[in-house]
Amino acid sequence: MEYGEQGIGERSNRNHNPSLVYSEPFYGPFENGDPVPGRFVLKIGDHLEKAETKKYYTERNFSEVAPRYDFITRVLSFGRDAAWKRTLISLLPSHESPVCVDLACGTGDIAFLLAGKYPRGRIAGVDITEPMLDIARHRNTHPNVSFANQDMGSLDIVSESVDIVTGGYALRNAPDLGTAVDEISRVLKPCGVAAFLDFSKPDGKIPQKMEYWGLKTWTGLWGTLLHRNHEVYSYIAESLQRFPDRPHLRDIFRDKGFSVIDSRLFFGGVTELLMVQKLRHGKVP
């Protein structure tokens with residue numbers, strides 16, 4: 001039986017590549033399709049208000065940080081990032097051979113943990129940043145894991161063919177959050193599960209301001225030390241400022257036909273693990 005007959009692969013089933021998803025080169029809005037050379041100098045405030053410019057900024061920013069990404073995630077989380085990701089995997093449902101998609105997969109940490117939990121499953125990591133994917137592919141030792149350059153807002157995956165969706169620091173980086181959640185709903189099977197780890201925005205202006213300035217200071221320091229540009233990592237604080245707070249994020253998922261089934265806060269709520277399930281009929285009871 002071909003993969004297209006199983007509902008897995010490209011929406012149009014143009015070929016029969018054994019991967020879960022298919023990769024094509026990503027070309028951002030660069031001159032002649034080529035990356036901009038030199039030190040990263042893009043300004044956050046010029047790029048986060050529109051979906052297309054945010055996508056451009058995110059691709060450029062993560063291309064810049066890719067060689068240091070594993071290091072910086074450990075530093076910014078005070079060494080806790082790996083433990084949080086293991087917790088995410090531990091909370092996922094038991095399944096013999098699930099189809100899993102890891103959004104904004106970066107260098108592959110969560111995809112590889114999924115392969116360990118589901119050795120008979122099929123796992124695809126998707127990201128728009130080729131330097132990140134290059135590292136993930138180089139690290140990959142799992143025959144059931146593949147990586148592809150895809151936008152989480154327009155996935156080349158057959159509708160209702162995926163059992164589990166994950167994302168580490170994914171939703172906050174989506175060019176358009178509503179579109180990304182719609183895509184997650186589209187590709188998930190009824191009762192499928194999605195789990196996300198990310199920086200979390202509290203409810204209330206005072207906690208939000210405290211978190212913003214704390215993150216901006218801490219991340220800006222490392223941006224200056226590693227890239228001579230504080231904005232490289234203070235992007236985290238700026239993107240979070242434009243992200244829904246915890247109650248509103250839950251409302252978005254409920255409005256899109258999900259139920260919230262688990263939540264864990266880390267570092268006093270600076271980060272959150274949120275798990276949702278697609279309702280069988282896409283309606284909130």
Side-chain angles (χ1 to χ4, degrees), residues 36 38-51 53-88 103-104 106-107 109-110 127-129 131-132 135 167-175 177 196-250 263-274:
V36 178
R39 186 167 65 91
F40 185 83
V41 294
L42 295 180
K43 295 296 182 183
I44 297 171
D46 296 337
H47 294 85
L48 297 192
E49 303 305 329
K50 296 180 180 180
T53 55
K54 183 177 180 181
K55 179 180 176 180
Y56 169 52
Y57 182 91
T58 301
E59 196 277 339
R60 287 284 292 115
N61 190 50
F62 281 94
S63 293
E64 169 75 12
V65 307
R68 300 180 175 93
Y69 183 74
D70 293 329
F71 168 76
I72 200 63
T73 53
R74 291 192 296 270
V75 168
L76 296 182
S77 67
F78 294 93
R80 298 300 299 161
D81 174 74
W84 297 338
K85 289 174 179 174
R86 289 194 298 268
T87 299
L88 183 154
L103 303 177
T107 58
D109 286 358
I110 292 178
D127 204 295
I128 64 169
T129 309
M132 288 283 200
I135 295 171
Y169 316 107
L171 294 179
R172 180 178 43 82
N173 292 318
L177 178 60
F196 304 99
L197 174 68
D198 211 328
F199 291 91
S200 180
K201 186 175 180 179
D203 185 18
K205 291 184 178 181
I206 293 177
Q208 287 174 11
K209 286 185 178 180
M210 292 175 62
E211 182 183 62
Y212 171 78
W213 285 109
L215 280 173
K216 191 172 181 69
T217 301
W218 178 236
T219 58
L221 170 65
W222 285 99
T224 301
L225 291 175
L226 297 179
H227 303 270
R228 295 181 292 150
N229 182 349
H230 71 92
E231 293 198 351
V232 172
Y233 298 121
S234 61
Y235 161 78
I236 293 170
E238 296 296 337
S239 61
L240 186 59
Q241 191 175 43
R242 294 159 172 81
F243 195 66
D245 60 26
R246 284 193 286 270
H248 284 97
L249 182 59
R250 285 158 172 73
S263 171
R264 308 288 174 94
L265 295 178
F266 306 113
F267 265 0
V270 174
T271 56
E272 180 183 25
L273 194 168
L274 181 67

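Residues passing the side-chain hydrogen bond (donor to acceptor under 3.5 Å, both in side chains) test with S63, sequence neighbours excluded: E59. The side chain to side chain contact (heavy atoms under 4.5 Å, CB included) search around R74 returns D70, F71, not counting sequence neighbours. T217 is linked by a side-chain hydrogen bond (donor to acceptor under 3.5 Å, both in side chains) to nothing, counting only residues two or more places apart in sequence or in another chain. Listed by chain and residue number, nothing satisfies the ring pair (Phe, Tyr, Trp, His ring centres under 6.0 Å) test with Y212 (two or more places apart in sequence, or in another chain). Applying the side-chain hydrogen bond (donor to acceptor under 3.5 Å, both in side chains) rule to Y169 yields the partners D81; only residues at least two apart in sequence or on another chain are considered. Under the side-chain hydrogen bond (donor to acceptor under 3.5 Å, both in side chains) criterion, R246 pairs with S200, sequence neighbours left out.
A donor and an acceptor atom, one from each side chain of Y57 and N173, are nowhere located under 3.5 Å apart. Side-chain contact of S263 with R250: a donor-acceptor pair under 3.5 Å is present, judged by distance alone.
The aromatic ring centres of F243 and F199 sit 6.0 Å or more apart. Outside the 6.0 Å centre-distance limit, the rings of W222 and Y233 are not counted as a close aromatic pair.
By the 4.5 Å heavy-atom criterion applied to side chains, M132 and V65 are counted as neighbours. Put simply, the side chain of K201 does not reach to within 4.5 Å of the side chain of P244, judged on heavy atoms.
Considering OG1 of T219 and CD of E238, their distance stands at 9.0 Å, rounded to 0.5 Å.
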